[in-house]
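Data first, discussion second: the structure below is written as C-alpha cells.
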Amino acid sequence: MNADGTHWNPDMETLGREELEALQLERLKETLQRCARSPFYQAWFRDAGFEPGGFESLEDIRGLPCMEKDTLRGGDPTRFLTVPLDDVVRIHSSSGTTGQATVIFHTARDIEAWAELVARCMYMVGVRRSDVFQNMMGYGLFTGGLGFHYAAEKIGALVIPAGSGNSRRQIQLMRDFHTTVIHIIPSYALYLLEVFGELGVDPRGGTDLRIAFIGAEPHTEGLRRRVEEAYGVSAYNSYGLSEMCGPGVAFECPEQEGMHVWEDSFLMEVLDPLTLEPVEEGKEGELVFTSLNREGMPLLRYRTRDLASVYRGECPCGRVHRRISRIKGRSDDMFIVKGVNVFPMQVEKVLLGVLGVGSNYQIVLDTVGAMDEMRVLVEVAGELWHGEVRELNRLRRRIMEELRQEVLVTPLVELVEPGSLPAGEGKAVRVVDKREHARHARGD
Ligand code: AMP
Ligand code: ZN
C-alpha cells in the first residue's frame with residue numbers, strides 16, 4: 001500500500017461520497033454474482049424472488065431478507081461458500097461457545113483484505129514501523145488476536161503476541177520491550193491497573209505506552225478517559241464482529257468522535273429492529289451489514305443486533321466513510337461478560353437440565369472492582385429449599401460447574417427461596433445489567 005503519512009490507503013480513505021457509492025455498487029454487484037454460485041444463496045434468492053442480475057442501485061438490496069445469526073447456525077457451514085473449500089485457508093468463529101458459535105471461512109485474499117483494513121485503522125491513529133505493539137487479545141478462533149496481529153506486522157511494527165491473561169507477565173513484557181501500543185479489552189485494561197498498583201508501577205512513568213486500542217465489548221466514554229489518564233495514552237474504540245471479518249469494521253480516527261465504518265468494504269444499513277425499515281439519519285437503530293469485499297463467504301444484510309446511530313455531517317479528518325456512535329446495546333438479549341458472548345437461553349438450558357422445568361432465574365451482571373461479575377439467582381423447589389444445607393451446596397456447585405462449561409465464564413450461583421424472584425405477566429426480565437456501561441446506555 002502507498003501510505004502517505006496520514007492514510008494507510010489513500011485511494012480508499014480519500015474517496016468522495018459519490019465515488020465511494022459507485023465503488024459500493026460495483027462491489028455489491030460482484031458480490032451478488034459470487035453469491036449466485038453457492039447453493040445457499042441460490043435458494044435464498046429464489047425464495048425471495050430476487051434477481052441478482054437486475055440490480056440497479058444500492059437500495060435494491062432491500063429486496064432481500066436479512067440474514068441472522070440463526071441463518072448461519074446449524075447445517076453444513078460450507079453451504080455458504082462461494083469458492084471451492086480448497087481455496088479456504090482459515091476459519092474463525094464468534095466468541096460464543098461451541099453451541100452458539102458461527103463459523104466464518106476465509107480465503108487467502110480475505111485474510112489479506114482484513115489485515116489491510118485493520119492496518120488502515122492502526123495507521124490512521126499513528127501506529128508506525130517504529131512502534132512496539134503488544135496484542136493482549138485472545139489468539140485463536142476469536143478474531144481479536146490474529147486480526148490485529150497481521151495488520152501490525154504489515155505496518156512493520158514489532159509485534160508481541162502476548163495473548164490474553166497473565167497480568168504480571170504482560171506488565172513485564174511492556175517494560176522489557178518498551179511497548180508503545182497495546183490492544184486490550186476495556187474491562188481488562190481497568191483490571192490491569194490494579195496489578196500495576198500491586199507491583200508499585202505507574203503505567204504513565206513506568207512504561208512507554210502511547211496508544212491503546214480498546215474494543216470487542218461495550219464501554220463508556222468515561223471508561224475510555226480513565227484508561228487514557230491512567231496509562232498516559234490515547235485510547236481508540238475498535239468495533240467489529242466475526243461475521244464481517246472481526247476488528248476492522250469501524251474504528252475511531254484521531255478526532256475520537258464516532259467510528260468510521262469502512263464503507264468500501266461494508267454496506268451499512270441502520271434499521272428499526274422491529275419493522276426492519278431504515279431509521280432516520282442520526283436516530284438509533286440496528287446495524288445491518290453486507291460484505292463488499294469478501295471472497296470465501298460473503299454475507300448479505302447480516303443483522304448484528306448492535307444498536308447505534310450514525311453521525312451527521314462530515315468528520316474534520318476528511319474521511320467520508322460514515323461514522324457510528326458507540327454501540328448502545330443489543331436488540332436481542334445476548335450479553336457480553338468478560339469478552340464472551342452469553343445468551344440467557346444458555347443459562348436456562350443448564351438450569352432445565354439440572355432442576356427440571358419451572359425454575360425461575362435471573363442473571364445479574366455487575367462491576368466488581370474493575371471486572372465483570374455474573375451472578376445467577378435460581379429459585380429452588382420448596383422441598384429442596386427446606387432440605388439439607390449440604391444438598392443445596394452440592395446443587396449450587398453443580399449448577400456453577402455446568403454453567404461454566406456452557407458459557408465459558410464462571411458465574412456466582414445463589415439459590416433462593418421459591419417465589420422470591422420477580423415474575424411479572426409480560427416477558428421475564430432475565431438479565432439485570434448493573435454494569436457502568438449498561439447504566440450509561442440506559443441513561444440512568
Ligand atoms: P464476536 O463476533 O464474537 O467478535 O462479537 C462481536 C460483537 O462484540 C459485536 O456484535 C458487538 O456486540 C460486540 N463488540 C465488538 N466491538 C465492540 C465495541 N467496540 N463496542 C461495543 N461492542 C462491541
Ligand atoms: Zn474522522
Side-chain angles (χ1 to χ4, degrees), residues 6-7 13-14 68-69 72-73 91-98 100-104 114 118 120-121 123-126 137-138 140-148 183-187 189 212-221 223-224 227 235-263 266 286-289 299 302-308 311 313-343 407-408 435 437-438 440-441:
T6 308
H7 310 95
E13 291 174 73
T14 61
E68 315 228 7
K69 228 181 173 72
L72 301 179
R73 281 198 200 116
I91 65 166
H92 275 289
S93 77
S94 70
S95 57
T97 58
T98 37
Q100 303 285 351
T102 46
V103 177
I104 303 293
W114 178 25
V118 181
R120 197 192 286 186
C121 304
Y123 193 88
M124 173 164 71
V125 295
M137 289 278 172
L141 285 169
F142 176 51
T143 53
L146 289 169
F148 267 71
H183 179 208
I184 186 165
I185 298 248
S187 52
F213 296 118
I214 52 177
E217 67 180 9
H219 57 282
T220 54
E221 181 64 26
L223 190 153
R224 181 241 292 275
V227 169
Y236 300 96
N237 193 0
S238 152
Y239 168 81
L241 60 155
S242 51
E243 289 82 0
M244 283 299 121
C245 61
V249 176
F251 215 87
E252 274 182 341
C253 69
E255 303 291 330
Q256 294 187 317
E257 191 62 60
M259 297 181 278
H260 288 283
V261 172
W262 295 126
E263 294 184 273
F266 309 100
E286 180 177 333
L287 302 176
V288 173
F289 290 112
L299 294 184
Y302 181 73
R303 290 187 66 175
T304 63
R305 302 288 173 167
D306 293 325
L307 301 172
Y311 275 67
E314 285 196 5
C315 184
C317 82
R319 291 172 183 85
V320 299
H321 299 256
R322 282 182 297 165
R323 287 169 296 159
I324 51 169
S325 66
R326 282 177 189 286
I327 304 302
K328 308 252 173 72
R330 294 183 54 87
S331 66
D332 64 10
D333 51 7
M334 190 195 90
F335 54 91
I336 301 184
V337 63
K338 295 181 181 169
V340 176
N341 297 351
V342 181
F343 289 83
V407 302
L408 304 181
R435 294 177 296 181
H437 60 74
H440 185 85

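Whatever order the structure lists them in is the order used to number ligands and atoms, beginning at 1. Reckoned from all heavy atoms, side chains included, excluding hydrogens, waters and symmetry mates. Predicted model only: the values in this text are computed from it and were never measured. Position 1 is the first residue of the sequence, and the numbers go up from there.
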Considering only NZ, NE, NH1 and NH2 on the basic side and carboxylate oxygens on the acidic side, decide whether [X] and [Y] come within less than 4.0 Å.
| X | Y | value |
| --- | --- | --- |
| Glu217 | Arg435 | no |
| Glu68 | Arg73 | no |
| Arg303 | Glu286 | yes |

Nearest neighbour of atom 8 (O) of ligand 1 from the list Ser242, Gly246, Ala216, on a heavy-atom basis: Ala216

Which option wins on minimum heavy-atom distance to atom 7 (C) of ligand 1: Ser238, Ser94, Gly240? Gly240

Which heavy atom in Gly248 sits nearest to a heavy atom in Val118, and how many Å separate them? CA-CG2, 3.9 Å

Identify the residue among Glu255, Gln256, Glu257 that makes a side chain to side chain contact (heavy atoms under 4.5 Å, CB included) with Cys253. Glu255

Heavy atoms only, cut-off 4.0 Å: how does Glu217 contact ligand 1, side chain, backbone, both, or neither? backbone

Short version for Asp306: what comes under 4.0 Å of ligand 1, heavy atoms counted, is side chain

Partner residues of Trp262 under the ring-ring contact (aromatic ring centres under 6.0 Å, His included) criterion, sequence neighbours left out: His321

Side chain to side chain, Tyr239 and Leu287, heavy atoms closer than 4.5 Å: yes

Which of the numbered atoms in ligand 1 are under 4.0 angstrom from any heavy atom belonging to Asn341? 3 (O), 5 (O)

Under 4.0 Å from any heavy atom of Gly215, which atoms of ligand 1 are there? 19 (N)

Parallel, tilted or perpendicular: which describes the rings of His183 and Phe213, with under 30° parallel and over 60° perpendicular? perpendicular

Would you check if the side chain of His92 reaches a backbone N or O of Leu141 as a donor-acceptor pair within less than 3.5 Å? yes

Are Ile214 and ligand 1 in contact, using a heavy-atom cut-off of under 4.0 Å? no

Short of 2.8 Å from the Zn ion (ligand 2), name each protein N/O/S atom, waters not counted. Cys253 SG, His260 NE2, Cys315 SG, Cys317 SG

